[in-house]
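The structure appears right after this line, and notes come after that.
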Amino acid sequence: MKKFVWFVGSLLFAHLGSAQPLQEHLWQHRVVLLLAPDAEEAALKQQLNLWTATPEEVTDRDLVLYQLFQHSGTGPGGTPLQPEVLRLLTNRYGPVPEQGLKFVLIGKDGTVKTEQEAVVPMQELFGRIDRMPMRRSEMRRSKN
């Protein structure tokens with residue numbers, strides 16, 4: 001009986017973990033989701049160029065990037081997303097636009113902080129993050 005309860009508990013835990021694909025980032029990272037029709041979308045390329053031009057600021061703010069497309073996606077470091085994870089993310093934060101870009105910032109607490117259907121200048125993003133109470137606390141701690 002003990003083994004059965006353990007087995008059922010393990011299945012439930014695995015299911016809950018897959019139902020919340022960003023759970024691993026909770027209280028650790030701020031997540032940016034870029035939703036676009038495909039990797040060739042001009043607005044997506046522009047946003048990625050801005051992102052890669054500021055690596056120290058991105059790292060300092062604990063940002064991770066997900067790219068979500070119609071039929072595929074990538075997580076931090078460009079790792080391919082499993083179809084189920086892609087579906088869960090686009091159901092929650094989508095839909096993926098037919099053209100252009102949707103930008104979603106999710107805070108360390110797991111809540112959506114901003115959604116825009118446009119390229120977001122990085123200084124605007126950093127300013128928004130730096131005004132958040134948790135970020136202010138991080139900046140105070142780093143001064144000490």
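Along the sequence shown, residues are numbered consecutively beginning with 1.
- Residues that satisfy the side-chain hydrogen bond (donor to acceptor under 3.5 Å, both in side chains) test with Ser72, not counting sequence neighbours, are absent from this structure.
- Proximity of a side-chain donor or acceptor of Lys102 to a complementary backbone N or O of Leu33 within less than 3.5 Å is not detected.
- Residue Leu105 belongs to a hydrophobic cluster whose other members are Val32, Leu34, Leu44, Leu48, Leu50, Trp51, Val58, Leu63, Leu65, Phe69, Leu101, Phe103, Val119, Val120, Met122, Leu125, Phe126, Ile129, Met132, with links defined by side-chain heavy atoms closer than 4.5 Å.
- Of the inter-residue distances, the one linking Arg61 atom CZ with Glu56 atom CD reads 11.0 Å to the nearest 0.5 angstrom.
- For the pair Leu22/Tyr93, a side-chain contact is recorded, criterion being any heavy-atom separation below 4.5 Å from C-beta on.
- Judged by distance alone, the side chain of Ser137 and the main-chain N or O of Pro133 form no donor-acceptor pair under 3.5 Å.
- To the nearest 0.5 angstrom, Glu84 atom CD is 10.0 Å from Leu89 atom CG.
- Transitive grouping of hydrophobic side chains (ILVMFWY, heavy atoms separated by less than 4.5 Å) brings Met134 and Leu26 into a common cluster.
- Contact annotation: the side chain of Thr74 never approaches that of Tyr66 to less than 4.5 Å [non-hydrogen atoms, C-beta and beyond].
- A donor-acceptor contact shorter than 3.5 Å links the side chain of Thr52 to the backbone of Asn49.
- Sequence neighbours left out, not one pair with a member in residues 65-75 passes salt bridge (Lys or Arg N to Asp or Glu O under 4.0 Å).
- With sequence neighbours excluded, the residues forming a side-chain hydrogen bond (donor to acceptor under 3.5 Å, both in side chains) with Lys45 are Glu40, listed by chain and number.
- In terms of the side-chain hydrogen bond (donor to acceptor under 3.5 Å, both in side chains) criterion, residue partners of Lys108 (sequence neighbours excluded) are, by chain and number, Asp62, Glu138.
- A 4.5 Å side-chain heavy-atom check between Pro97 and Leu35 finds at least one atom pair inside the cut-off.
- No more than 12 heavy atoms of other residues, nucleotides or ligands lie within 6.0 Å of CD in Gln82, so this atom counts as exposed by the packing criterion.
- Across all non-hydrogen atoms, the minimal contact from Pro76 to Val64 is CG-CB, 3.9 Å.
- The nearest pair of heavy atoms linking Ala118 to Gln47 is O-OE1, 4.3 Å.
- A donor-acceptor pair is defined here as one N or O able to donate and one able to accept, closer than 3.5 Å; such a pair exists between the side chain of Asp38 and the backbone of Glu41.
- Arg135 meets the side-chain hydrogen bond (donor to acceptor under 3.5 Å, both in side chains) test with Asp60, Asp130; sequence neighbours excluded.
- Formation of a donor-acceptor pair under 3.5 Å by the Arg128 side chain with backbone atoms of Glu124 is not found in this model.
- The neighbour count for Arg92 CZ, taken as heavy atoms of other residues, nucleotides or ligands under 6.0 Å away, does not exceed 12.
- Distance check, rounded to the nearest 0.5 Å: OG1 of Thr114 to CD1 of Ile106 gives 11.5 Å.
- With a 6.0 Å radius and a threshold of 12 heavy atoms from other residues, nucleotides or ligands, Glu117 has its CD atom at or below the threshold.
- Contact between Pro37 and Gly100 at its shortest, heavy atoms only, is CD-O, 3.4 Å.
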